[in-house]
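Presented below is the structure to which this report refers.
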There are 2 protein chains.
Amino acid sequence: MARIVMKFGGTSMAGIERIRSVAGRVKREVDAGNQVAVVVSAMAGETDRLVGFCREASSLYDPREYDVVVSSGEQVTSGLLAIALQALGVPARSALGWQLPIRTSDAHGTARIGTIDTDGLDAALARGEVVVIPGFQGVTQEGSVTTLGRGGSDTSAVAVAAAMRADRCDIYTDVDGVYTTDPRIVPRARKLSKVTYEEMLELASVGAKVLQTRSVGLAMKEGVRVQVLSSFTGADAPMADTLPGTMIVGEEEIDDVERQLITGIAHDKNEAKITLTAVPDKPGAVAAIFAPLAAAGINVDMIIQNIAHATGGSTDVTFTVPQADLARSIETLNQARDAIGYERLVHDTRVAKISVVGVGMRSHAGVASTMFETLGARGINIQAISTSEIKVSVLIEEDYTELAVRVLHTAYGLDAA
Amino acid sequence: MARIVMKFGGTSMAGIERIRSVAGRVKREVDAGNQVAVVVSAMAGETDRLVGFCREASSLYDPREYDVVVSSGEQVTSGLLAIALQALGVPARSALGWQLPIRTSDAHGTARIGTIDTDGLDAALARGEVVVIPGFQGVTQEGSVTTLGRGGSDTSAVAVAAAMRADRCDIYTDVDGVYTTDPRIVPRARKLSKVTYEEMLELASVGAKVLQTRSVGLAMKEGVRVQVLSSFTGADAPMADTLPGTMIVGEEEIDDVERQLITGIAHDKNEAKITLTAVPDKPGAVAAIFAPLAAAGINVDMIIQNIAHATGGSTDVTFTVPQADLARSIETLNQARDAIGYERLVHDTRVAKISVVGVGMRSHAGVASTMFETLGARGINIQAISTSEIKVSVLIEEDYTELAVRVLHTAYGLDAA
């Protein structure tokens, strides 16, 4: 017997036929003797509909009331899945965020999960009941409904898995696992059977949109084994405990034979590049740029300070921000212009960040140089570089994105045979 | 300053434009210095959509989970109205059934309201906030979501008004008040400015579908002054405290000048007539008929026991049941056939119940005879009669419904000048 959490996204919950199919999958796990909690998203499109109502009611909607409105989508699907399970003879009940309860911070719309009370959950599981929990929602200490931000149901699932000490958290999605890169770009991309939390974090944060980044960070912190699986395979699909998807685990669970130098190649077209020219080359100049951006809550990613101009005393500073924050960044930098003392602000959204990711690269100095040589051989100009322990990222012209991904996938030996 | 409850139905909440218009009406009451709680229905059609999901998921859906699903409709509109009020500069917040809380029995799908905790509500009203409460929903002592049954939002509004000792409970509907009879049948029907609880109960229970019957009973028990108003008049409509609708009040609030002998004429085509022939004319025979019907939860309305057959020893028994319960009634009576000992069961759905209602009739013996003479003069045959202190009802052939209503409306002097 295992204790597992199964999480189903909006596409899996879009209509009663699909909810019935989800109920069938849950029943297989129950019939196999497992204790199961299920975390569900709203029906595909429903959250957008509800968010649309809020925006139409007021462009400056109160996030507290927004949470009351949008959390209803998951409430509906959790009740419906409980009904569909009962129709298959599986004892089931829903437990809403305030009922369990799932306590969160009071940051409405982007709340963070604090503690989850598992007394009622454990008792229900021990009675052989499936507990269906709406994702994305929680409740503050004062009893206000909260939501976790878009995609938050993954985080709900991992948090529930951690609280109930689940053996596994199975995330059913519209892909059947994590690939070495986007299969739409590289048809010979391979599905990974295992990937570490750290790698998944880097892959997720640079555009491999399989799991919400926060959910991976939480899984790493809590040591929750997460499996990504397809929700679209039929009733004859292998059971989830035969691991047909991708397991996201700690590094110690990956043995030497399985370990690759590079795990995957990610790309991200959602960055924008900003260059400030002729910034005074003196102490405190860089702080004058980044302090106001930080105060505005804008995440700066890659930063390059060019060498000082030969004519002396000034330098160019280039960095990237999310495209969604570009307008606010420009406004913020314009306001700080006198304090910074730059000459011109140049921006460019036609850039892409390409990253090679792998825990194995820690001990291999050659990873970065292979990347630069491979791109250089195809005439792809590198505009910026950033590195972490398990990742090397470069900024290139957007038009070269697919080419860069393909040549790197081959260069690191990732193509399927 | 007055404390008032305003209740808006699904048609008033159907879409953001209408919700904004509702917010405008609420603002007028706030601007006039009143403390306001608002009770809202789900958007028109939404509850049907959610009920449809439950039925599609399982014809034998769990009422506990049904309540989780269908209560979400009012949750959405309460959040949206709070947002729309804030957009007009009116401080507002939603308070869901479990938050207030509105405690109910645990009869899922048809729960009854027990107590409403008004501490939070009173504090919010004292701070000048409008509190928006979803109708139709509550929570059990154990923390399960409940609903009150269709049309339950009227009852929610009256219960909230009673708990907060409101000066008035204004029910905004798609009619502008209670009429002497259905204006579609009698164009010269008059709007009543006042009607007693007892009269409204009789009018509501015999087919004048302005308010849910339970809400009127609760208002009578708790002494809540209820006003029925149109939600479709514009911003230049008279303020609600100038009483443009119909006030439902205790008899003591209606003075002699206002008092009419007859308040209104109601009709109801939803009854079915059942006759059992040749029932043994002996003690206990009638109990043998009605005990199994009562056990099956079927409400029997009019009952006539014909005079015993001249040939001796047996009689015919005629009574009415709701048409919706006819099939179950026949099944129940078939099963009890040996115990009752009747010869044949004859049923007829082509009947209508016509009622004249008025608190003034208590002291006027002539009301019933006027009714019988008026109908007889038009050749309308009376199949059954029942009376209460403030009502005389007759059962007639359905085809004569409109004719009967018209001639009675004239006979009792109710036609507008």
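So you know, we letter chains A, B, ... as the sequences are listed, proteins then strands, and number each from 1. Basis for what follows: all heavy atoms, side chains included, without hydrogens, waters or symmetry-related copies. What you are looking at is a predicted structure, and each value in this text was computed from that prediction instead of being measured.
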Query raised in the report: Taking side chain as C-beta onward, heavy atoms only, is B:Val145 less than 4.5 Å from A:Gln99?
Result: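 The answer is yes, as the side chains (C-beta and beyond) meet within the 4.5 Å cut-off.
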Query raised in the report: Quick one: CG on A:Leu85 to OG on B:Ser58, what's the gap to the nearest 0.5 Å?
Result: 11.0 Å
Report summary line: When rounded to the nearest 0.5 Å, the distance separating OG of A:Ser71 from CG of B:Leu96 is 8.0 Å
Query raised in the report: Does CZ belonging to B:Arg112 count more than 12 external heavy atoms closer than 6.0 Å?
Result: no
Query raised in the report: Considering residues, nucleotides and ligands other than B:Arg165, do more than 12 of their heavy atoms fall under 6.0 Å from its CZ?
Result: no
Requested in this report: Report the option among B:Gly143, B:Ala92, B:Ser78, B:Gly73 that has the most heavy-atom pairs separated by less than 4.5 Å from atoms of chain A.
Outcome: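 It is B:Gly143.
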Quick check on the interface: out of [options], who has the most heavy-atom pairs with chain B under 4.5 Å?
options: A:Glu65, A:Arg93, A:Gln75; answer: A:Glu65
options: A:Leu60, A:Val69, A:Val68, A:Ile16; answer: A:Ile16
options: A:Ser59, A:Ser72, A:Ala23; answer: A:Ser72

Query raised in the report: In a check of side-chain contact (heavy atoms from CB on, under 4.5 Å) between A:Phe53 and each of B:Thr77, B:Leu80, B:Ile19, which one passes?
Result: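 When side-chain contact (heavy atoms from CB on, under 4.5 Å) is applied between A:Phe53 and each of B:Thr77, B:Leu80, B:Ile19, only B:Leu80 qualifies.
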Please look at [X] and chain A and tell me whether the side chain, the backbone, both or neither of the residue comes under 4.5 angstrom of a heavy atom of that chain.
X: B:Arg55; answer: neither
X: B:Glu56; answer: both
X: B:Arg64; answer: side chain

Query - Any donor-acceptor N/O pair, B:Gln86 side chain to A:Tyr61 backbone, under 3.5 Å - result: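 No.
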Report task. Locate the shortest heavy-atom distance separating A:Tyr66 from B:Ile83; write the atom from each residue and the value. Result -> N-CD1, 4.1 Å
